[in-house]
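Below is one structure, written out as structure tokens, with a few remarks after it.
Quick note on labels: first sequence line is chain A, next is B, and so on, each numbered from 1. Just so it is clear, the structure is predicted and the values come from calculations on it, not from any experiment.
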2 protein chains.
Amino acid sequence: MEKQVTIYDLARALNLSTATISRALDDSPLVKPKTREKIRAMADKMGYRQNLIASNLRKQQSRTIGVLLHEVNSYFSTSVLAGIEKITTREKYDILIAHSGEDGEREIANTRNLFNKRVDGLIVSLAMSTVATDHFNPFFEQGIPVVFFDRVAKKMPCNKIVIDNFKAGYEATTHLLQQGYRRIAHITASLQRNVYEDRFRGYKKALTDHHIRFDPLLVESCSLNREDTLAVMHQLLKQKPDAFFITNDFAAAVCMDELQRSGIRIPEDIGMMGFNNDILGSLINPRLSTIDYPGTRMGETAAQMLIDKIKTKKNGKATAEHKSVIISSTLLIRESSVKKARQRRGHK
Amino acid sequence: MEKQVTIYDLARALNLSTATISRALDDSPLVKPKTREKIRAMADKMGYRQNLIASNLRKQQSRTIGVLLHEVNSYFSTSVLAGIEKITTREKYDILIAHSGEDGEREIANTRNLFNKRVDGLIVSLAMSTVATDHFNPFFEQGIPVVFFDRVAKKMPCNKIVIDNFKAGYEATTHLLQQGYRRIAHITASLQRNVYEDRFRGYKKALTDHHIRFDPLLVESCSLNREDTLAVMHQLLKQKPDAFFITNDFAAAVCMDELQRSGIRIPEDIGMMGFNNDILGSLINPRLSTIDYPGTRMGETAAQMLIDKIKTKKNGKATAEHKSVIISSTLLIRESSVKKARQRRGHK
DNA sequence: TTTTAAAATGTAATCGATTTCATTATAGAA
DNA sequence: TTCTATAATGAAATCGATTACATTTTAAAA
């Protein structure tokens, strides 16, 4: 392990003070252009690399953003991460990713951990089983900006990025109704989470708007993993549904597979509607109708919003405004929900 | 932004020196148990949190591991990350994830960046288009441990975690041959990368071992994204293959979908074999035969190996040994490659 | 009780960059 | 040329924890 070149080495080599070196490397107008040049050249020559740890200690920042996710193994999650990364890279922030595996306890532990790591800000999508949100209080108390996206805490005083889940649920259900489906089962997840609750409300509203009585027996909630999804699907099957509106593409694909294997035709016998526009949906047969949901843009927006907050905070102004951004989503009609004229070779 | 509690505050409150405080919080045997208790209690009471930035500066470490990936949006990548995370969490390391999107240039930039961030070690899987590997030299020069996994640099002097891709390719091909397929097309990717080259060699060896002449026209290389894969598949179709061995499940699923949509039956008309055991393969119809490839364990092994190296390095011993670990993979025979007795009852 | 080894604690330097508050150099004005 | 305002640079404190080395306490041995 060879020793690193520091600004002290540069100062000695050039017979200047560390103050000047530091300023030059930071492009400060306080140092004469000619001096700056010399310093730059020497830094290159000696292979100087700034020690960000020392810099961060002195500047009392970490230049790191914490990202708290419920899971990372979905297409949606990786899209969001890509969006976040795009912005943070440009703004020279690091990201520390923690995921809870949908476990509220782990979410609490991760939150504490990121707090201790002294992240400059936090981007969060809540775990399925999270109930209280006290674990975010240290951030609020310290004035560390927090931005929620997708699965947000309803009454929390901070910025939020969401889609209109109510509208999306309404449109998905309406589409199924227009295709002639009448007994639409709904597989959802914890109604504690805004996303699922709002979609569910949209579903109910669409039904009543079409003069169809909402039947609680046609709705089941589960973790959305393979086993649980199949269990509730079989439960729902007893109610003789003619369509499924499932709040997640992976779960929808699992159901479609199981149904088809037991001889049920989709969309002829049962219509199918997912949510999320996972790549998966474009590779199964029939192609899955779904709600397109721009993860990358959500991530970009969340990151930009957070960094803006961090910056304005640094300038002293404590911005107490908590704006919510609603990103648009679109209904994607493919094959699994279109009874007539099932067109072959539709791409994407 | 309230001010933080530091060990100086604790020292003042308890009329002790910061040295004792620091030692107590670090569970040093040098401090009397009773004193330790008191310090602990006061730390809790005052809401003390260690400043890792200061600690890291003093200890000349970052307690951060860099992870350099080619992509993060595959099931395999997220599995590896989960494995790495499991170990690093336990060992109290942070991870900084950078991905190149298969672009060699971006890989170089990311490598430099992680070096500047002073990561304590690096875990790498090479991008598709990487040729030279000079960008890792700074790590070697500084004695910073590097572990490669999966896509490794052949002649690089460091630890590696791989599966036996030659054997896997051999077994996959042999299986297809045993099922009676004779003209087996192979879709692969850059043969610069060990994984693809080894599988390809396995494929060729299996053919010759079964007295089938290797036909270069049956092999195409591409980026494995949707468009490119379909293009080379159509190219290969001209050679009238009766099976495909595709070096990646996603690409295999894309091909299967396209073939089925043009009326070709799988596995009756064309057999299909993927690689990676992506979840995808268990959701499509017929289920995709593939090579199971334990991403999580690879990640765990890589992380553990790296951390061991970091630790032994700290103890002064510069371990120059470069062991390679070979993780076992298994042939997973499902429906897409088994001609007879296909026991499903779907439509058609 | 004194001596001595071991245990416990303290002092102060250190990690490397940043920044406040001097101080010195320089250019233009008088 | 002298003065002054400004530009350029420097000295030293600072961020918070760690740790080599010094010092004091304590307990056991004599």
Please list, chain by chain and in numerical order, all residues satisfying salt bridge (charged side-chain N to carboxylate O under 4.0 Å, His left out) with [X], sequence neighbours excluded.
X	value
A:Lys160	none
A:Glu85	none
A:Lys154	A:Glu197, A:Asp198
A:Arg12	A:Asp9

Length of the line joining [X]:[atom1] and [N]:[atom2], which is rounded to integer Å:
X	N	atom1	atom2	result
A:Gln61	C:dT18	CD	P	10 Å
A:Gln60	C:dT20	CD	C1'	16 Å
B:Asn116	C:dG16	CG	P	15 Å
A:Ile21	D:dT9	CD1	P	10 Å
A:Asp9	C:dG16	CG	C1'	10 Å
A:Gln4	C:dT14	CD	P	19 Å
A:Arg63	C:dT18	CZ	P	12 Å
B:Asp26	D:dA17	CG	C1'	10 Å

Original post:
Which residues satisfy the side-chain hydrogen bond (donor to acceptor under 3.5 Å, both in side chains) test with A:Asp120, sequence neighbours excluded?
Top reply: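 Once residues adjacent in sequence are excluded, the partners of A:Asp120 under the side-chain hydrogen bond (donor to acceptor under 3.5 Å, both in side chains) criterion are A:Ser62.
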Subject >> Test side-chain hydrogen bond (donor to acceptor under 3.5 Å, both in side chains) applied to A:Gln50 - qualifying residues, sequence neighbours left out >> reply: none
Original post:
If you pin B:Asn15 and A:Thr20 to their nearest nucleotides in DNA chain C, which one's is more 5'?
Top reply: B:Asn15
Original post:
Between A:Ser22 and B:Ser17, which is nearer to the 5' end of DNA chain C once each is assigned its nearest nucleotide?
Top reply: B:Ser17
I'd like a table of donor-acceptor pairs (distance under 3.5 Å, sequence neighbours excluded) in which one partner is a side-chain atom from residues 25-41 of chain A, with atom names and distances.
residue	atom	partner	partner atom	Å
A:Ser28	OG	A:Leu30	N	3.0
A:Arg36	NH1	A:Ser28	O	3.2
A:Arg40	NH2	A:Leu25	O	3.4

Between the protein and nucleotides 20-25 of chain D, which nitrogen or oxygen pairs come in under 3.5 angstrom?
none

**OP:** Anything under 30° is parallel, anything over 60° is perpendicular, the rest tilted; go ahead and classify A:Phe149 against A:Phe76.
**Re:** tilted
Subject >> Residues from residues 47-57 of chain B lying under 4.0 Å of DNA chain D - heavy atoms >> reply: B:Tyr48, B:Arg49, B:Gln50, B:Asn51, B:Ala54, B:Ser55
Original post:
Picking from C:dA12, C:dC15, D:dA17, which would you name as closest to the side chain of B:Ile7?
Top reply: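 Ranking C:dA12, C:dC15, D:dA17 by closest atom to the B:Ile7 side chain puts D:dA17 first.
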Original post:
Do B:Asn110 side-chain atoms and B:His99 backbone N/O form a donor-acceptor pair below 3.5 Å?
Top reply: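 Present.
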Original post:
What residues, two or more places apart in sequence or in another chain, satisfy ring pair (Phe, Tyr, Trp, His ring centres under 6.0 Å) together with A:Tyr48?
Top reply: none
**OP:** Please list, chain by chain and in numerical order, all residues satisfying ring pair (Phe, Tyr, Trp, His ring centres under 6.0 Å) with B:Phe139, sequence neighbours excluded.
**Re:**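 Expected list: B:Phe115.
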Original post:
Looking across every strand, which nucleic acid part, if any, lies under 4.0 Å from A:Leu25 by heavy atom: base, sugar-phosphate, or nothing?
Top reply: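 No contact.
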Original post:
With a 3.5 Å cut-off and no angle check, do the side chains of B:Gln142 and A:Gln4 form a donor-acceptor pair?
Top reply: yes
Original post:
Going by number, which of residues 27-34 of chain B have a non-hydrogen atom under 4.0 Å from DNA chain C?
Top reply: B:Pro29, B:Leu30, B:Val31, B:Lys32
